Amino acid sequence: MASIPLADTEPRRRFRSDVLHDWVTTVDHKKLGILYIASGIVFFVIGGLEATAMRIQLAVPENDFVSPEVFNRLFTMHGTTMVFLVGMPIITGFGNYLIPLMIGARDMAFPRLNAWGFWMFLFGGLLLYFSYLGSTGLYGAGSAPDVGWFAYTPLAGKAFSRGNATDYWILGIVVSGFGSLSGAVNMIATALTMRCEGMSLGRMPLFVWMMVIVSFMILVALPPLTAAQVMLLFDRFLGAHFFDTQAGGDAVLWQHFFWFFGHPEVYILMIPGFAYASEIIPVFSRKVIFGYSVMVGATVAIGFVSLSVWAHHMFAVGMGRGLNIWFATATMIVGIPTGMKLFNWLATMYGGRIRFRVPMLFCTAFLAQFLVAGLTGIMLAAVPFDWQVTDSYFVVAHFHFVLIGGLVCTIFGAIYYWFPKMSGRMLDERLGRWHFWLFVIGFNVTFLTMHGQGLLGMPRRIYTYPADRGWEIWNLVTSLGVVLQIAGVLFFVYAVIKALRSGEPAGDDPWDAWTLEWSTSSPPPDYNFDEAPVVRSRRPLWDLKHPDDPDWKYE
Amino acid sequence: MTEPHDDRGIELPSPTASPLYFALGLSLLLAGLVTHELVSMVGAAFFVLGAVGWWRQVLPQESEQWVPLQSEAERARPVSPRRAAVDHLTAGEDRHRMRLPVEVRPISAGLPGAAAGAVAMAVVACTYGLVVEGSLWLPINLLAGIVLPSVDQASPEQLRSFHGLAFGLACGAHVLLSVSVGLVYATTLPMLPSRPLLWGGIAAPLLWTGVAWSVMGLVNPALEQYVSWPWFVASQIAFGLAAGWAILRVAPVATSQSLSLAERAGIEAGR
Ligand SMILES: [Cu+2]
């Protein structure tokens, strides 16, 4: 056994290369979690810059800030980046960091697999971006993929996408997809087998429950995408005809495969957002979560139902009345468990002694914005309405309300909430408020107005438009909102840098919270807990803080 | 798994670069497809390096690292009891608005409600027919237009004369609609604040008249052509008031809302 006792605990001067070596060879779930989140944030900035370039191009009609070819690459890379290289790593990162701490374990079930998953994600992302330099596009020059983030066939087939930019898209996502799969296996195994004494499934924090359900969804939804991508690779490299209609293949098959992954993916990204809100809202309302078991049940229900709604992305391809009605109905049914959750969060806040610190501000904005996203979602589920606005900016506005108004806002809330645990330093409250207001106002300026040009008929993915369509003012306002959002994110970056340099020490439990991660030091030691914790209720720290009125009397 | 080794340290899986090599190898192996075979070969080498290294991490025995406990000063403080007392939210306390339906009308009260409403509405509608249009059958034929498309094409004379089929269908539609609305009334009336008759008898009919006004052209074009909206509103309000009055006459029954959760679950008998 290669264990060297380091008896000497004297702090030694550490070289930069030592630190680097520590991070690249680590199998510690906390370091890997931070690596996931940090790389996700880096890709978030890259994807955000791509979006900014598109919004500059579209701010005024007949603009030529970027060429049509560059524009196609921008929206392809923006979508792919935000889903696969921002959303996925950040949710995996928080899951990695928090699950063992919340269930009182010392690490994930498979620490080395965990490290492998992170590196697969990172190398997948780097491979995708290497296409800007290494790929041969239509004219043989370097070019990123330009087939859209869902890469519909036959456009993505060999006949219409010459060169190998599309192959970079396939390979980059396949590689990072393996990372997500290993992460899902790991989280399920950890939560099911490594809980500390007394933590029955019914006492598991909602965060852990939701991440387990998300992990099961990843296991069901991601392999079909990988399979379809391998089939497309066969089409492109070996002359197979899976998606080649002229040789008996089926182009719509690709859409089915993609959206069988693509819709559950929306919930795979959004349920972790629900998970953060379910931890943050009770703590800042000073009340126990309303309807714990209903929350778990609703999440399971969302998990199941969201697997049977995928073709609502395909109402316009002519599937026929029967299928359209099925998928429209199933889509509306998902709204029920989701609505139950919304009411549970509101009921948690109701009558509480609410503290509007930055994490809670972001979660409150999430509630309102996610409601809008849900309502436009129900509108889009109605087939005739969808036929009118499909592939328009209305759809773009809808899913940005889900992914920014919902997910990004809860992620920011989660960062403000758990950053003190991860770093031992508080993020500055005042800077956080600037970040919150600028970002949320900017987001709404951009995306509320975007519904407008959508209803006026502006199709998505056009690189410019003539001046006589009545879209000008809408597009200009949409683009101006971006400035506010960027300003907000700059405040965030500054707050992080400032906190790491000279932040106020956080202490073990800065929010007076109740789950196990707050019982250890900030940042936690490598081994998480000095001794394995024992719990008797869903809020173990509450029981310790209020020995005369513990939760286990009521649960 | 890792368990406390002794009082001064804990064993954890030791760090290793093998997963990194393995991932790099796999990625380069695939990246060779879009670059050059050499890339794949380098990838294969890393792949083998990573795989072998990974196996050796766990076989024959899992490689572990002994991590000393943090010094006393760095460790987490034990969680101490808070001195502040805890407020429990109790039902109905100051500023905690609560309206429990402790007693409700039984849902079956909707049936007498429906009967009363149906009669009142029919009386108003027939009065309109007789007094304004000079025919008892006009409102009945128009109502049949909901299910009978041929009514759209009927001439004014035809609309003013008796038709057996139209009469049967109109009666059926009237009963069906009255019963459904009556049942909805019986379930929702106790939830309406302070003056149920005002809300259920006047406000609700006005609201659904608005809805009817906007969709009438789709549902029943013939009715839209002949309808007199003041009389239409009057007949709806007649229905609402009569149905509400009949429902409120039925004796209310107690719900389990005022019982505790345990009592409702049947765990504790009695109060
Ligand atoms: Cu969907």
Side-chain angles (χ1 to χ4, degrees), chain A residues 1-7 9 22 24-28 106-107 111-116 118-120 122-124 126-127 130-131 134-135 164 167-168 171 174-175 178-179 194 233 237 287 351 353 507-509 512 519-522 524-527 530-532 541 544-549, chain B residues 1-5 8-36 39 50 53-54 57-58 61-71 74-82 84-89 93 95-97:
Chain A
M1 234 184 2
S3 65
I4 309 143
L6 295 169
T9 53
D22 272 5
V24 295
T25 60
T26 188
V27 293
D28 175 43
R106 297 214 186 279
D107 204 324
R112 297 168 195 84
L113 185 70
N114 202 9
W116 180 75
F118 168 73
W119 295 112
M120 286 300 272
L122 189 66
F123 293 140
L126 293 179
L127 180 58
F130 183 67
S131 64
S135 133
N164 61 14
D167 302 318
Y168 272 92
L171 293 172
V174 166
V175 169
F178 278 113
M194 296 180 58
L233 218 51
F237 273 85
K287 272 176 69 192
R353 206 162 278 159
D508 301 339
D509 180 16
D512 193 6
S519 69
T520 184
S521 56
S522 308
D526 287 348
Y527 44 81
D530 299 343
E531 40 201 277
L541 264 59
L544 294 174
K545 290 170 185 174
H546 303 277
D548 46 328
D549 189 24
Chain B
M1 228 330 261
T2 47
E3 280 307 312
H5 182 73
R8 297 179 307 113
I10 288 167
E11 275 179 348
L12 292 175
S14 48
T16 163
S18 297
L20 166 66
Y21 292 151
F22 193 64
L24 182 65
L26 212 53
S27 312
L28 290 180
L29 209 56
L30 287 172
L33 282 175
V34 283
T35 47
H36 196 272
V39 176
W54 195 331
Q57 279 285 312
V58 285
Q61 226 179 350
E62 190 177 351
S63 159
E64 284 177 336
Q65 172 195 35
W66 192 82
V67 181
L69 283 187
Q70 284 175 314
S71 68
E74 290 170 304
R75 284 185 212 171
R77 314 265 165 285
V79 181
S80 53
R82 295 283 184 274
V86 181
D87 277 351
H88 284 266
L89 194 64
E93 75 182 17
R95 287 175 59 234
H96 181 238
R97 191 167 67 94

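All values below were derived from every heavy atom in this structure, side-chain atoms included, with hydrogens, water molecules and symmetry-related copies excluded. Since this is a predicted model, take the numbers as computed values, not measurements. The chains referred to below are lettered A, B, ... by the order of the sequence lines, with proteins before strands, and numbering in each begins at 1.
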Novice: OH of A/Y527: more than 12 outside heavy atoms within 6.0 angstrom?
Specialist: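 More than 12 heavy atoms, drawn from other residues, nucleotides or ligands, come within 6.0 Å of this atom.
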Novice: If you compare all heavy atoms of B/Q70 against all heavy atoms of A/S521, which two are closest, and at what distance to 0.1 Å?
Specialist: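 Heavy atoms only, the tightest pair is OE1-OG, 3.6 Å.
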Novice: Name the region of A/F237, side chain, backbone, both or neither, that has any atom closer than 4.5 Å to a heavy atom of chain B.
Specialist: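 Contact with chain B is through the side chain of A/F237 alone.
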Novice: For A/D526 and B/Q65, run side-chain contact (heavy atoms from CB on, under 4.5 Å): C-alpha distance rounded to whole Å, both residues' side-chain angles, the deciding distance at 0.1 Å, then the answer.
Specialist: CA-CA 11 Å; A/D526 287 348; B/Q65 172 195 35; 5.7 Å; no
Novice: Are the side chains of A/R112 and B/S18 in contact, using a 4.5 Å heavy-atom criterion?
Specialist: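 The answer is no; the side chains never approach within 4.5 Å.
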Novice: Report the residues that fulfil ring-ring contact (aromatic ring centres under 6.0 Å, His included) with A/H546, sequence neighbours left out, ordered by chain and then residue number.
Specialist: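 A/H546 satisfies ring-ring contact (aromatic ring centres under 6.0 Å, His included) with A/W542 once adjacent residues are dropped.
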Novice: Shorter than 4.5 Å, heavy atoms on both sides: which option in B/L20, B/V67, B/V79 has the most such pairs with chain A?
Specialist: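 With the most close heavy-atom pairs to chain A, the winner is B/L20.
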Novice: Please flag which part of A/V24 lies under 4.5 Å from any non-hydrogen atom of chain B: side chain, backbone, both or neither.
Specialist: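 A/V24 touches chain B through backbone and side-chain heavy atoms alike.
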Novice: Measure distances from A/P547 to the heavy atoms of chain B and classify the residue's part below 4.5 Å as side chain, backbone, both or neither.
Specialist: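 Answer is side chain: those atoms of A/P547 sit under 4.5 Å from chain B.
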Novice: Looking at CZ of B/R82 and CG of A/L544, how far apart are the two atoms once the value is rounded to the nearest 0.5 Å?
Specialist: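 So the gap between those two atoms works out to 10.0 Å.
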Novice: Which region of B/T16, side chain (C-beta onward) or backbone (N, CA, C, O), has a non-hydrogen atom less than 4.5 Å from a non-hydrogen atom of chain A, or is it both or neither?
Specialist: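 Answer is both: backbone and side chain atoms of B/T16 are under 4.5 Å from chain A.
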Novice: Under 4.5 Å from any heavy atom of chain B, what part of A/L541 do you find: side chain, backbone, both or neither?
Specialist: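 Both parts, backbone and side chain.
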Novice: Can you tell me which portion of A/F130 sits under 4.5 Å from chain B's heavy atoms? Options are side chain, backbone, both or neither.
Specialist: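 It is the side chain, since no backbone atom gets that close.
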Novice: Kindly compute the distance separating CG (B/L24) from CZ (A/F123), expressed to the nearest 0.5 Å.
Specialist: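 The distance works out to 4.5 Å.
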Novice: Nearest 0.5 Å, please: how far is CZ in B/F22 from CG in A/L113?
Specialist: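 So the CG of A/L113 and the CZ of B/F22 are separated by 10.0 Å.
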Novice: Is B/E74 in contact with chain A via its backbone, its side chain, both, or neither, using a 4.5 Å heavy-atom distance?
Specialist: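 Contact with chain A involves the backbone of B/E74 alone.
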Novice: Quick check on the interface: out of A/D548, A/L122, A/D512, A/L233, who has the most heavy-atom pairs with chain B under 4.5 Å?
Specialist: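 It is A/D512.
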Novice: So what's closer than 4.5 Å to chain B heavy atoms on A/D549: side chain, backbone, both or neither?
Specialist: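 Side chain of A/D549 only, per the 4.5 Å heavy-atom cut-off to chain B.
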Novice: Please tabulate, for the side chains in residues 25-35 of chain B, all donor-acceptor contacts under 3.5 angstrom to protein atoms that are two or more places apart in sequence or on a different chain.
Specialist:
| from | atom 1 | to | atom 2 | distance (Å) |
| --- | --- | --- | --- | --- |
| B/S27 | OG | B/A23 | O | 2.7 |
| B/T35 | OG1 | B/A31 | O | 2.7 |

Novice: Does some side-chain heavy atom of B/L12 sit less than 4.5 Å from a side-chain heavy atom of A/D28?
Specialist: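 Sidechains of B/L12 and A/D28: no contact.
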